[in-house]
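The next block holds one structure in the form of structure tokens; read it before the comments.
In what follows, chains carry the letters A, B, and so on, assigned in the order in which the sequence lines appear, proteins first and then strands, with residues in each chain numbered from 1.
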Number of protein chains: 2
Amino acid sequence: MSLQQLQYFVVVAEEQHVTRAAARLHVTQPPLSRQIQALEDELGQPLFERRGRGIVLTAFGRYFAAEAAAILAHVDTVVAASKRWPS
Amino acid sequence: MSLQQLQYFVVVAEEQHVTRAAARLHVTQPPLSRQIQALEDELGQPLFERRGRGIVLTAFGRYFAAEAAAILAHVDTVVAASKRWPS
DNA sequence: CGGCATCGAGTCCGAAACGGTATTGGACCG
DNA sequence: CGGTCCAATACCGTTTCGGACTCGATGCCG
């Protein structure tokens, strides 16, 4: 698992749409789909239901999206703190 | 920045010794040194003082080690939760 | 003081991971 | 059905990563 995968997933979860999320993330759709799949494989849980046309978050996906956002926010906080650290 | 870099850094901070940390992480010393350097570059702050022989955490390094450990603990918690999620 | 061991940094190379283009498969709409 | 929209798959080039080897520097000990 990587922080990038969490960022990717959070955006896809917000958009509920892989192609739109890819545009927001400045990547193309296939790598994004692959990273989401890799995340699901590692967690052993599906994050989205595939519906032929589009995707929908599962219950676990909603939980995980909230946690992922919290983790990323924590990271951002620490990085920001490092920028204004008294050298 | 990646979760792996945070894991690497936490172990090096615990050991205050790159080579021992590398052994614990099952990697060799050069890649570990490089990841630590990359982390410092990204944060814009040194995490260790280099003393020709060995390394010592800076004040910022101690702060960052605590935060990194907290972030990794959060990740572990969420991953563990996914394992026992009611399918 | 000199030889030696220790430790992190630098160099180089092969392997794995990542992203992009092109294409496929499947579902909804007219 | 024909067209379109969307995610998944196949394939390829590039980048990144880790490992083996070496270098430079610093303590240690005879």
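In this structure, Glu40(A) contributes its side chain and Leu47(A) its backbone to a donor-acceptor pair below 3.5 Å. In this structure a side-chain-to-backbone donor-acceptor pair under 3.5 Å is present from Glu42(A) to Met1(A). A distance-only check finds no donor-acceptor pair linking the side chain of Gln35(B) to the backbone of Gln5(B) [under 3.5 Å].
Following rounding to the nearest Å, Arg51(B) (CZ) and dA9(C) (P) show an atom-to-atom distance of 14 Å. Straight-line distance from the CD1 atom of Ile55(A) to the C1' atom of dA8(D): 12 Å, rounded to whole Å. For the pair Leu47(A) CG and dA7(D) P, the interatomic distance rounds to 15 Å; values are reported in whole Å. Between the CZ atom of Arg20(B) and the P atom of dC7(C) there is a distance of 7 Å, rounded to whole Å. Per the geometry, CE belonging to Met1(A) stands 16 Å off P belonging to dA17(C), to the nearest Å. The separation between Leu32(B) atom CG and dG19(D) atom P is 10 Å, rounded to whole Å. When rounded to the nearest whole Å, the span between CD of Glu49(A) and C1' of dA8(D) equals 17 Å.
Residues from residues 6-17 of chain A lying near DNA chain D, meaning a heavy-atom separation below 4.0 Å, are His17(A) in numerical order. Within residues 24-31 of chain A, the residues that place at least one heavy atom under 4.0 Å from DNA chain D are, in residue-number order, Gln29(A), Pro30(A). Contacts with DNA chain D (heavy atom under 4.0 Å) in residues 33-43 of chain A: Ser33(A), Arg34(A), Gln37(A), listed by number.
Under the 4.5 Å side-chain criterion, counting only non-hydrogen atoms from C-beta, Leu57(B) is not in contact with Phe64(B). Side-chain contact check for Leu39(A) versus Tyr8(A): every heavy-atom pair is 4.5 Å or farther apart. Counting heavy atoms from C-beta outward, Leu6(A) and Leu3(A) have side chains that approach closer than 4.5 Å. Here the side chains of Ile55(A) and Val12(A) are in contact, with some heavy-atom distance below 4.5 Å. Taking 4.5 Å as the limit, some side-chain heavy atom of Phe60(B) sits within range of a side-chain heavy atom of Leu43(B). With a 4.5 Å cut-off on side-chain heavy atoms, Val18(A) and Phe48(A) do not count as touching. For the pair Gln7(A) and Val11(A), the minimum side-chain heavy-atom distance is 4.5 Å or more.
Residue Arg50(B) is the one, among Gly52(A) and Arg50(B), whose nearest nucleotide of DNA chain C lies closer to the 5' end (criterion: closest heavy atom).
Stem list for DNA chain D (at least 3 consecutive Watson-Crick or G-U pairs, distances under 3.5 Å): C:1-30 with D:1-30.
Partners of Glu49(A) according to the side-chain hydrogen bond (donor to acceptor under 3.5 Å, both in side chains) rule, which considers only residues two or more places apart in sequence or in another chain, are Arg51(A). In terms of the side-chain hydrogen bond (donor to acceptor under 3.5 Å, both in side chains) criterion, His17(B) has no residue partners (sequence neighbours excluded).
As judged by a 4.0 angstrom heavy-atom cut-off over every strand, Gln5(A) is placed among residues making no nucleic acid contact.
Between Arg53(A) and dG26(C), a side-chain N or O to OP1/OP2 separation shorter than 4.0 Å is absent.
Taking every heavy atom of both residues into account, Gln45(A) and Ser87(B) meet most closely at NE2-OG, 3.6 Å. Annotation for Ala68(B) and Val10(B): closest pair CB-CG2, 3.8 Å, computed over non-hydrogen atoms.
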